[in-house]
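What you see is a predicted model; the values in this text were computed from it and never measured.
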Amino acid sequence: VGKRMGARASDRYLSARPFFHVAGSTLSIVLSCVHQITLVTMQRFVAEKALRILETEKCTLTSGNDTMFLMMLGCETFTKSGYDLRGSWAAVSGPLLKRIVNEFEAGETVTGYGLSEASPNIATSDFRDSLEDRAAGWMHVHDGLDVRIVDADIGSILEASQKGEIQVRGWCVMKGYYDDPEATAATMTQDGFLKTGDLGMLDEQGRLAFVGRLKEIIRVGGENVAPSELENVLHQHPDILQAQVFALPDPRLIEVPTAYVLARENCDISAEQIQEWLRPKLAGFKMPRYVKVIDSFESIGIT
């Protein structure tokens, strides 16, 4: 991952990831040791403080997920071109990656995919890839790993460009859940592949793209809708800071997409305006049936 994000010995890397987590241990502490770079951290992630640390510590690399980057970009103290960031490792959508590149001027930012059971990274884009490829979510599978896309319902292996469950086998994949043979049998295949429970696809070059969580797929009258796809569109609205899409039951369509939306500072936007803005951008079955503009995710939580 360090090579893919262009780590250099002179780098200063801000990571607010908790060290008990795989992203904090492997992709922060171990990555910094392997590449002999300075690791800068903070006791608790607060967006304003993170921006201040980036500036005062002259950090050239950072890492975070979409929520963390959206919080920093939405801060009143955020200053475009006011940081030394060159790149980052970011678990974010394409539109947000472009914002990181353009507003932080962190042109070498890469995306990554993985999970704890794979220690945790399976694939990462490369800072030398084009911005369009990185924003499209295409990532290179690490050497020594086998990744396949499987129809989760019938177990058949799918061809390139078909969406299905991401399954992975290789040196960094766990052997099983400790002292829990039933959970291990449900998660590991007979030929050693880990069922990730994630939806993705491979292209003709063997690059991997993450689409979303299989369990979060919204089934609208027989059509599958990934919440992340709708969130990516919502995050392109100039007045929206953050959005979360989920399912609500519907007597006719089984489920319908629904969205909570957090407006940017000093922006006044209504649910009706958001739906009107979305209408030409989405197929009818993908349109959020209900939209609610909220003040904070604190009381709701984010999945």
Side-chain angles (χ1 to χ4, degrees), residues 1-2 5 7 11-33 35 37-106 108-116 119-121 124 210 213 227-228 231-232 234-235 240-244 260-265 294-303:
V1 174
M5 64 193 286
D11 277 323
R12 299 174 66 78
Y13 173 33
L14 172 64
S15 174
R17 306 279 191 155
F19 293 159
F20 61 80
H21 190 279
V22 281
S25 55
T26 310
L27 299 181
S28 298
I29 297 174
V30 175
L31 188 152
S32 299
C33 291
H35 293 277
I37 62 180
T38 300
L39 177 63
V40 181
T41 190
M42 51 199 299
Q43 193 156 6
R44 179 176 180 269
F45 179 79
V46 178
E48 293 88 350
K49 186 177 180 182
L51 291 174
R52 190 163 63 250
I53 291 173
L54 285 174
E55 185 177 10
T56 58
E57 293 291 333
K58 300 188 181 301
C59 294
T60 50
L61 299 173
T62 190
S63 69
N65 56 25
D66 46 8
T67 303
M68 296 164 77
F69 280 106
L70 285 166
M71 289 171 70
M72 288 191 288
L73 289 166
C75 271
E76 286 187 338
T77 57
F78 176 80
T79 307
K80 187 175 180 179
S81 309
Y83 309 95
D84 294 289
L85 276 185
R86 186 184 74 253
S88 66
W89 176 86
V92 299
S93 64
L96 183 50
L97 182 136
K98 286 187 174 181
R99 286 192 63 193
I100 295 168
V101 168
N102 293 328
E103 296 178 44
F104 268 117
E105 296 192 342
E108 296 181 3
T109 295
V110 300
T111 54
Y113 164 74
L115 66 168
S116 298
S119 305
N121 194 257
T124 312
F210 168 74
R213 290 285 297 159
S228 58
E231 289 163 359
N232 290 349
L234 284 162
H235 286 154
I240 291 175
L241 175 63
Q242 194 169 356
Q244 185 181 27
Y260 278 130
V261 171
L262 191 65
R264 290 190 192 224
E265 197 92 27
I294 60 173
D295 296 325
S296 170
F297 277 107
E298 286 295 322
S299 62
I300 297 167
I302 300 177
T303 62

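Between the CG atom of Leu51 and the OG1 atom of Thr79 there is a distance of 8.0 Å, given to the nearest 0.5 Å. Here the CD1-CG distance, from Ile100 to Leu85, works out to 9.5 Å after rounding to the nearest 0.5 Å. Atom OG1 in Thr111 sits 12.0 Å away from atom CG in Asp66 (nearest 0.5 Å). Here the OH atom belonging to Tyr83 is positioned 6.0 Å from the CZ atom belonging to Phe104, to the nearest 0.5 angstrom. Here Arg17 contributes atom CZ and Ile29 contributes atom CD1; the two are 13.0 Å apart, rounded to the nearest 0.5 Å. With rounding to the nearest 0.5 angstrom, the CZ atom of Phe69 is 7.5 Å from the CG atom of Leu96.
Side-chain polar atoms of Asp84 and Thr60 form no donor-acceptor pair below 3.5 angstrom. At a cut-off of 3.5 Å, with distance as the only test, no side-chain donor of Thr77 or Glu48 sits close to an acceptor on the other residue. Inspection of the Ser88 and Thr109 side chains reveals an N or O donor paired with an N or O acceptor under 3.5 Å. No hydrogens or angles considered: nothing links the side chains of Glu231 and Ser93 as a donor-acceptor pair under 3.5 Å.
In terms of heavy-atom proximity, Ser296 sits nearest to Leu262 at N-CD1, 3.6 Å. The heavy-atom pair separating Met72 from Phe78 by the smallest distance is O-CB, 3.5 Å. Looking at every heavy atom in both residues, Val92 comes nearest to Gly64 through CG1-O, 4.5 Å. The two residues Tyr13 and Ser32 make their nearest non-hydrogen contact at CD2-OG, 3.5 Å. The minimum heavy-atom distance between Ser63 and Met68, with the atom names listed, is O-CE, 4.2 Å. When all heavy atoms of Lys80 and Asn102 are compared, the closest pair comes out as CE-O, 3.3 Å.
Looking at Val261 and Ile294, their side chains never come closer than 4.5 Å, going by heavy atoms from C-beta outward. Residues Met5 and Leu61 form a side-chain contact, since some pair of their non-hydrogen atoms from C-beta on lies under 4.5 Å apart. Contact of the Thr38 side chain with the Asp11 side chain is not registered, since no non-hydrogen atoms from C-beta on lie closer than 4.5 Å. Side-chain atoms of Thr67 and Gln242, non-hydrogen and from C-beta on, do get closer than 4.5 Å to each other. Between Ile53 and Met42 there is a side-chain heavy-atom pair separated by less than 4.5 Å. Using a 4.5 Å heavy-atom cutoff, the side chains of Glu103 and Leu73 are in contact. With a 4.5 Å cut-off on side-chain heavy atoms, Trp89 and Thr124 count as touching. Two residues are said to be in side-chain contact when any heavy atoms from C-beta on lie closer than 4.5 Å; Phe45 and Met71 meet this criterion.
With hydrogens and angles ignored, the 3.5 Å screen pairs a side-chain donor or acceptor of His21 with a backbone N or O of Ala23. Within the 3.5 Å criterion, the main-chain N or O of Val40 finds no donor-acceptor partner in the side chain of Arg12.
Salt bridge present: Glu108 and Arg86 bring a charged side-chain N and a carboxylate O closer than 4.0 Å.
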Under the criterion side-chain contact (heavy atoms from CB on, under 4.5 Å), I'd like the reasoning laid out for Leu14 against Thr41: C-alpha separation, chi angles, the key distance, then a yes or no. CA-CA 6 Å; Leu14 172 64; Thr41 190; 5.6 Å; no
Using side-chain contact (heavy atoms from CB on, under 4.5 Å), reason through Leu241 and His235 one step at a time and then give a plain yes or no. CA-CA 7 Å; Leu241 175 63; His235 286 154; over 6 Å; no
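For the side chain to side chain contact (heavy atoms under 4.5 Å, CB included) test with Pro120, the passing option among Val1, Thr26, Leu115 is Thr26; the others fail.
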